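Just so we're on the same page: letters track the sequence lines, and every chain starts at 1. Keep in mind the model is a prediction, meaning the values are calculated, not measured.
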Number of protein chains: 2
Amino acid sequence: MAAANDQQDIKREKILEASHQRFLHYGYSKTTMNEIAGDLSMSKALLYYYFPDKSQLYIAVMRKLAADYLKTLESRLDSFTNLKEAFTFQVNTHHEFIVNNYNFFDFFRLNEQNLPETIWQIVGEVHSAELNLLSNAIKIEVDKGAIKPVNNPEEIVDVLMDALHGIRVGAISQKKTNFPRKEHLEEIHTKKLLLLDIFIKGLMA
Amino acid sequence: MAAANDQQDIKREKILEASHQRFLHYGYSKTTMNEIAGDLSMSKALLYYYFPDKSQLYIAVMRKLAADYLKTLESRLDSFTNLKEAFTFQVNTHHEFIVNNYNFFDFFRLNEQNLPETIWQIVGEVHSAELNLLSNAIKIEVDKGAIKPVNNPEEIVDVLMDALHGIRVGAISQKKTNFPRKEHLEEIHTKKLLLLDIFIKGLMA
DNA sequence: TCCTGACTTTTTTAACAAAACTATCAAAAA
DNA sequence: TTTTTGATAGTTTTGTTAAAAAAGTCAGGA
């Protein structure tokens with residue numbers, strides 16, 4: 001039983017990896033179940049044995065990416081020495097995450113509206129996990145007496161995250177494309193760090 | 001000659017007003033030239049006598065709105081007493097502008113990409129005018145010695161404006177609609193003021 | 001329990017006709 | 001000469017249908 005499940009888990013993992021590669025290079029709609037099956041030298045039917053449908057497969061990949069991302073954040077955010085370091089780490093990690101999985105997200109780009117409910121659930125989970133980690137960072141700094149008391153850390157972090165997100169979007173509307181091109185990502189990253197710098201100073205003031 | 005042109009200008013103005021109302025209530029694609037003509041009890045052909053085509057008509061309306069908006073900003077931004085007041089005025093004016101012309105902009109919502117070049121030109125002009133006014137406000141404060149010297153005011157304002165814009169967008173992705181609903185506008189406004197507060201403190205630190 | 005080939009169902013694409021709308025123009029009205 | 005219009009030409013959107021492609025199912029084999 002356990003052995004069988006191990007085998008299953010390994011195969012599931014293989015499928016997730018192959019799917020990730022396909023989705024990463026070709027996006028959701030330009031990836032077919034036949035192609036994924038082909039990459040793994042298995043029949044398409046087998047994919048449906050492991051995953052109920054294509055969107056669930058995509059979501060499973062996404063869930064894994066999100067979990068990895070959050071693990072990276074968590075591993076580090078409970079051991080920072082000051083607030084700026086913590087937030088900078090978040091911005092850098094997020095930047096790296098986007099760069100590495102850039103094409104994966106064209107599902108969002110193309111399908112912008114009417115996405116499956118589950119996707120928004122994952123996005124929401126990631127968002128609130130980030131919000132939690134960062135507002136905790138603020139609380140710790142307040143306890144240490146490093147910054148003056150804040151009555152609602154979650155609200156502050158929420159605003160900051162929206163603002164950071166805005167930097168991304170801002171670079172877009174000027175460039176007339178509704179998603180940042182890879183070339184712009186570095187520029188966006190720099191701007192985010194600038195915003196962060198001012199914002200942190202504002203918190204400490 | 002002058003009289004004839006006056007008459008023309010008056011009629012042009014009437015057309016712009018009627019068009020504004022239509023675009024405001026029904027958006028670009030759901031407004032037909034026949035309807036505008038009907039509102040003014042004139043033939044559709046006459047519209048084409050005054051404006052070369054539909055998009056030029058829309059753009060003319062937009063240009064007028066933009067001019068009014070900028071005039072409001074300018075009238076006040078050269079006589080503020082401190083930086084926060086200046087920026088708050090910008091945020092409030094912008095908010096009012098969006099609220100008043102909310103539906104007008106569904107041209108952007110629907111047509112998000114492939115908009116006529118001229119529209120981006122106007123958006124760009126408004127943006128750089130705002131950027132100018134606000135970075136000037138910073139320079140004045142620096143000269144007054146109210147805040148510490150800033151090596152690149154334009155860059156700062158640019159980041160702030162992107163961040164403020166991000167507040168708007170942020171409220172969206174959570175709500176699953178790609179443009180803020182009217183109900184959210186107040187919430188967005190409040191968040192913007194909070195961001196502004198922290199940001200300004202950060203500048204003064 | 002894991003896996004497949006053959007099959008069914010659903011979605012996408014392409015072609016095309018009908019309808020709606022934009023845009024033009026010759027000629028009337030002012 | 002300038003302003004206005006009805007009629008109409010041209011273009012885009014919408015709706016329809018058939019073929020192709022992809023998603024998804026299933027009986028049966030290892």
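Non-hydrogen atoms lying under 4.0 Å from DNA chain C are contributed by B:Thr32, B:Met33, B:Lys44, B:Ala45, all within residues 32-46 of chain B. Contacts of residues 13-20 of chain B with DNA chain D (heavy atom under 4.0 Å): none.
Residue-level contact check: A:Phe51 touches neither bases nor backbone, having no heavy atom under 4.0 Å from any strand. At a threshold of 4.0 angstrom between heavy atoms, the contacts of A:Ser55 with the nucleic acid are absent.
For B:Tyr58 and B:Phe104, the gap between ring centers is short of 6.0 Å.
When the P atom of C:dT22 is taken as reference, atom CG of B:Leu57 falls 11 Å away, rounded to whole Å. In this entry the distance linking CG of A:Asp9 with C1' of C:dT1 reads 15 Å, nearest Å. B:Gln56 has its CD atom 15 Å from the P atom of C:dT22, to the nearest Å. Taking atom CG of A:Leu47 as the reference point, atom C1' of D:dC26 lies 16 Å away to the nearest angstrom.
Between B:Gln8 and D:dT3, a side-chain N or O to OP1/OP2 separation shorter than 4.0 Å is present. Contact annotation: A:Tyr48 does not reach the phosphate of D:dT25 (side-chain N/O to OP1 or OP2, under 4.0 Å). The shortest distance between the side-chain N/O atoms of A:Tyr50 and the OP1/OP2 oxygens of C:dC3 is below 4.0 Å.
Geometrically, B:Lys14 does not engage B:Tyr50 in a cation-pi contact, judged by NZ or CZ lying under 6.0 Å from the ring centre and within 45° of the ring axis. A cation-pi arrangement is absent between A:Lys192 and A:Phe87, since the terminal nitrogen or guanidinium carbon is not both under 6.0 Å from the aromatic centre and inside a 45° cone about the axis.
Of all nucleotides listed (D:dT2, C:dA23, D:dT25), D:dT2 comes nearest to the side chain of B:Tyr49.
Where B:Lys11 and A:Asp53 meet DNA chain D, the nucleotide closest to each residue was compared, and B:Lys11 sits on the side nearer the 5' end.
The aromatic rings of B:His94 and B:Tyr69 sit perpendicular, their planes meeting at an angle over 60°, well past the 30° parallel limit.
Nearest heavy atoms, A:Leu57 versus A:Ile36: CD2-CD1, 4.0 Å.
A salt bridge links B:Glu154 with B:Lys139: the closest approach of a Lys/Arg side-chain nitrogen to an acidic carboxylate oxygen falls below 4.0 angstrom. Residues B:Glu13 and B:Lys64 are paired through a salt bridge, judged by an N-O separation under 4.0 Å between the basic side chain and the carboxylate.
Among residues two or more places apart in sequence or in another chain, the side chain to side chain contact (heavy atoms under 4.5 Å, CB included) test is passed with A:Thr190 by none.
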- [ ] Go through the steps for A:His95 and A:Glu186 under the test side chain to side chain contact (heavy atoms under 4.5 Å, CB included), then give the verdict.
- [x] CA-CA 9 Å; A:His95 178 246; A:Glu186 286 308 320; 3.2 Å; yes

